[in-house]
Amino acid sequence: MNPELLAPAGSPESMQAAVESGADAVYLGWGGFNARRGAQNFSEEEFAQALAYCHIRGVRVFLTLNILLTDRELPGALETARSASRLGIDAVLVQDWGLFDLLRRTLPDLPLHASTQMSIFTSGGAKEIAADGCERIVLARECSREEAAAVCGSCPAEIEVFVHGALCMCYSGQCAMSAVLGGRSGNRGRCAQPCRLPYGINGPAKDQRPLSLKDSCLADHLPEMSEMGISCLKIEGRMRRPAYAAAVTDIYARLLREKRKPSSQEREILEQAFSRSGFTDAYWKGRCGPEMLGFRPENSAAFSAPLKRKEKRVPIRFVCCVEPGSPSILTTEDRDGHSVTVTGPIPEAARTRELTEADLTARLKKTGGTPYYCEQTDVLVKPGLSLSAASLNALRRKALDALSALRSAPPVRRELDVPLLPDVNCSEILPKLTISVASASQLTGGLLDFSPSRIYVPLELLADISALPEGKSEWCAILPRVWKDSDEDTLCRWLKRARSLGVSGLLLGNLGHFPLVRDSGWHLYGDYGLNVFNSRSLAWLREKGLESACLSFELRFSQIRDMRKLLPSESIVYGRLPLMITENCLIQNSVGCRCDQPNFLNDRTGAAFPLLPAFGHRTEIQNSRVLWLADRPDYRHLGLAYARLRFTTETPEECSDVCRRYLEGTAAPAEFTRGLYQRGVE
């Protein structure tokens, strides 16, 4: 059985184009809570019409509610989901943990899909969210065929992969570049795509675009995806025109039906529809490298092929009986098990020409202009009877209208009350100081003299440390934000090593970390990679076993203050904020760069963004300016339990100086940023 083909519907026109071109399902936005808030999206009337249009034609519709939400926004998002469920939406895509928990408790029969914004790329992460009631998981675009096959083979939920469209340089759900630099958050559906701009590596920005990847095209790999059990193939592009949705959907639908690779002409059409210097399938093949880079010139002509109207029609069967003295009876059935029966006028005695079975069959088959075509008729007509053509046409229309109403009828689903949040309060009068380091040398130079409550050290760094200094601080290991199934034996070995050093806490930044370390005796704390944006997310993470959680640095001070602290909460108050984590190593992609020396990404203004190596030969891009709040007392009065100083490029002496200044509340010694705590994000 072929996987479901899921097409983008950024507008009613794109939706219709995708359906007519062979989509099995479409995904769309309704309201303001979706990751393509810049798309045209749908009004309430258009949304209801789209559901009826698609369902009559046997096409499923998924609603995107895949952004992070504040406490004030959660009721509105719930109401959107509730209304969509009543209208018959087939599933909802979610990123936010709080919304996910709220929907599964209040709308338990509504299928939920884990958006790629949840950053799920391991079997453990997929099984974790599946166990919580998620029906389908959209894997990270960076997953290879081997990794996708491993997830399919171990996870009970359906697996969906992107097969065509744009690739982000950063793991989805982990990018803060647009938010920090421009106040437009990709996690809130407002990404300004700074990754498509020119940058330089260790030099001025010219025409290089080291963050801009070619679009993905996995058209050559559809048969193997089907064989490994992938349930759904997704086409990206809700921001693109109806002609794009039609052309790309049509080709992928044909390839699936005919179980083949694209022809040279089809490849050309795909490139004309939209591409950035061609396509890439490198991630699927388990590769990275500069050959994946590409961009689209600003003066590129938009694809505007005329839309070919190809009405998608549903096969049906008619059963009709015309007998003397009784109303005519017509039953209509489809292949999905729907059946309706309607009655018409009592036939009259034929005065001239009697109605024959051939005449009746011919009249019933005239379904042009409807979403149906007649593939079979079973008719019974007694001799000597007559029914007018108008009566038979009306009978046929009545039956098809009833069938359409049945096919588009929303399912009956339970709606439960909104559950109360736990009656706990983990707010603190003043936060305790925590620190995180990026190198072992930063632990020298007097940093430990300040006795931070916790010291966070990368797990891979602890593997090379012979002993930890003694002190009052709790030592915690930072688990890699990105890793793969094949790395887990190494991580478990390093965890044993960390425990032998006296490490007692773990900092978890991904859902896949939970099954890796649960019930192993560690103190578990949540990191910023979990994107905690509201009180319900804290409640959900509390149930998952966390003892504290770092809040998103895209929140404003007022939003942090008003959040119910259902877990002891932490915020980053100093340091270079992490903007991206990339599977494609920017350092290795650039000739002459080495991981053992300082490397920078330079933008057109001259700002230099440090590039730090991350576990697995990945790159983490840091902000060009450090966040500085020492002289702002606001962060001390938000109910936080912990305030983190995040050290990345600092020398040991600079680390100690920052600690001293934060304890004293002094001004910044150099250029700085206040981050997003005051201005917030769109």
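Just so it is clear, the values below take in all heavy atoms, side chains as well, and ignore hydrogens, waters and symmetry mates. Everything quoted here is computed from the prediction, not taken from an experiment.
Separation of atoms SG (C175) and CE (M580) is listed at 4.0 Å; rounding is to 0.5 Å. Here CD1 of I581 is found 4.5 Å from CZ of R481. Values are rounded to the nearest 0.5 Å. Interatomic distance, L507 CG to C550 SG, rounded to the nearest 0.5 Å: 7.5 Å. Distance CD1/I67 to CZ/F33: 6.5 Å, rounded to 0.5 Å. Note: L68 CG to S552 OG = 6.5 Å, rounded to the nearest 0.5 Å.
Surrounding CD of E258 are more than 12 heavy atoms belonging to other residues, nucleotides or ligands, all under 6.0 Å away. Atom CD of E44 has 12 or fewer heavy atoms from other residues, nucleotides or ligands within 6.0 Å.
Between I230 and C152, the shortest heavy-atom distance links the atoms CG1-SG, 3.6 Å. The minimum heavy-atom distance linking A9 with S14 is given by the pair CA-CB, 4.2 Å. Summarising the geometry of L102 relative to L74, their closest heavy-atom pair is CD2-O, 4.3 Å, with the distance given to 0.1 Å. The shortest non-hydrogen separation linking I129 to W97 is CD1-CZ3, 4.1 Å. Of all non-hydrogen atoms in V94 and M118, the two that sit nearest each other are O-CE, 3.5 Å. The heavy-atom pair separating A166 from R196 by the smallest distance is CB-NH2, 4.1 Å.
A donor-acceptor contact shorter than 3.5 Å is absent between the side chain of D90 and the backbone of R60. Proximity of a side-chain donor or acceptor of Y53 to a complementary backbone N or O of M15 within less than 3.5 Å is not detected. Side-chain atoms of D71 come within 3.5 Å of backbone N or O of S535 as a donor-acceptor pair. Panel note: side chain S144, backbone W284; no donor-acceptor pair is recorded below 3.5 Å. In this structure, the side chain of N510 does not engage the main chain of G125 through any donor-acceptor pair within 3.5 Å. Judged by distance alone, the side chain of N584 and the main-chain N or O of G289 form a donor-acceptor pair under 3.5 Å. Not one N or O on the side chain of S226 forms a donor-acceptor pair closer than 3.5 Å with the backbone of N2. Side chain of D527 to backbone of G529: no donor-acceptor contact under 3.5 angstrom is found. Put simply, the side chain of S178 gets close to the backbone of R184: a donor and an acceptor are under 3.5 Å apart.
The residues D132 and R104 are annotated as salt-bridged, a charged nitrogen and a carboxylate oxygen being separated by less than 4.0 angstrom. E142 and R618 are not joined by a salt bridge, as no carboxylate oxygen comes within less than 4.0 angstrom of a charged side-chain nitrogen. Comment: E543 engages R105 in a salt bridge, judged by a side-chain N to carboxylate O separation of less than 4.0 angstrom. In this structure, K261 does not pair ionically with D281, as no charged nitrogen and carboxylate oxygen lie closer than 4.0 Å. Ion pairing between E291 and K214 fails under the 4.0 Å rule for side-chain N and carboxylate O. Using a 4.0 Å cut-off between a side-chain N of Lys or Arg and a carboxylate O of Asp or Glu, D109 and R414 qualify as a salt bridge. One finds a salt bridge joining E266 and R254 here, because a Lys/Arg side-chain nitrogen approaches an Asp/Glu carboxylate oxygen to under 4.0 Å. Salt-bridge annotation for R407 and D336: present, with a side-chain N of the basic residue lying under 4.0 Å from a carboxylate O of the acidic one. Between E4 and R136 there is a salt bridge, with a side-chain nitrogen of the basic residue lying less than 4.0 Å from a carboxylate oxygen of the acidic one. Salt bridge absent: K544 and D101 never bring a charged side-chain N and a carboxylate O closer than 4.0 Å.
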Decide yes or no on side chain to side chain contact (heavy atoms under 4.5 Å, CB included) for N589 and T619, but give the supporting numbers first. CA-CA 11 Å; N589 281 355; T619 301; over 6 Å; no
CA sep, side-chain torsions, deciding dist, call: D487, F615, side chain to side chain contact (heavy atoms under 4.5 Å, CB included): CA-CA 10 Å; D487 297 318; F615 174 78; 3.6 Å; yes
Any chance you could lay out the side chain to side chain contact (heavy atoms under 4.5 Å, CB included) test for L293 and M169, step after step, and finish with the verdict? CA-CA 9 Å; L293 300 176; M169 177 59 85; 3.8 Å; yes
Steps toward side chain to side chain contact (heavy atoms under 4.5 Å, CB included) verdict (H221, K285): CA-CA 10 Å; H221 307 285; K285 291 181 176 178; 3.9 Å; yes
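For the side chain to side chain donor-acceptor pair (under 3.5 Å) test, no residue two or more places apart in sequence or in another chain qualifies with S408. Considering only residues two or more places apart in sequence or on other chains, F62 meets the ring-ring contact (aromatic ring centres under 6.0 Å, His included) condition with H113. In this structure F553 satisfies the ring-ring contact (aromatic ring centres under 6.0 Å, His included) test with no other residue, sequence neighbours excluded. With sequence neighbours left out, Y171 forms a ring-ring contact (aromatic ring centres under 6.0 Å, His included) with F121. Evaluation of the ring-ring contact (aromatic ring centres under 6.0 Å, His included) rule for F279 yields H164 as partners, not counting sequence neighbours.
Put simply, the side chain of R57 does not reach to within 4.5 Å of the side chain of E20, judged on heavy atoms. The closest side-chain heavy-atom distance from S404 to Y372 is below 4.5 Å.
With a 6.0 Å cutoff to the six-membered ring centre and a 45° limit on the axis angle, R141 does not count as a cation-pi contact of Y283. The side-chain tip of R209 points at the ring of F295 from less than 6.0 angstrom away and within 45° of straight on.
The salt bridge (charged side-chain N to carboxylate O under 4.0 Å, His left out) contacts involving residues 112-122 comprise nothing, where partners must be two or more places apart or lie in separate chains.
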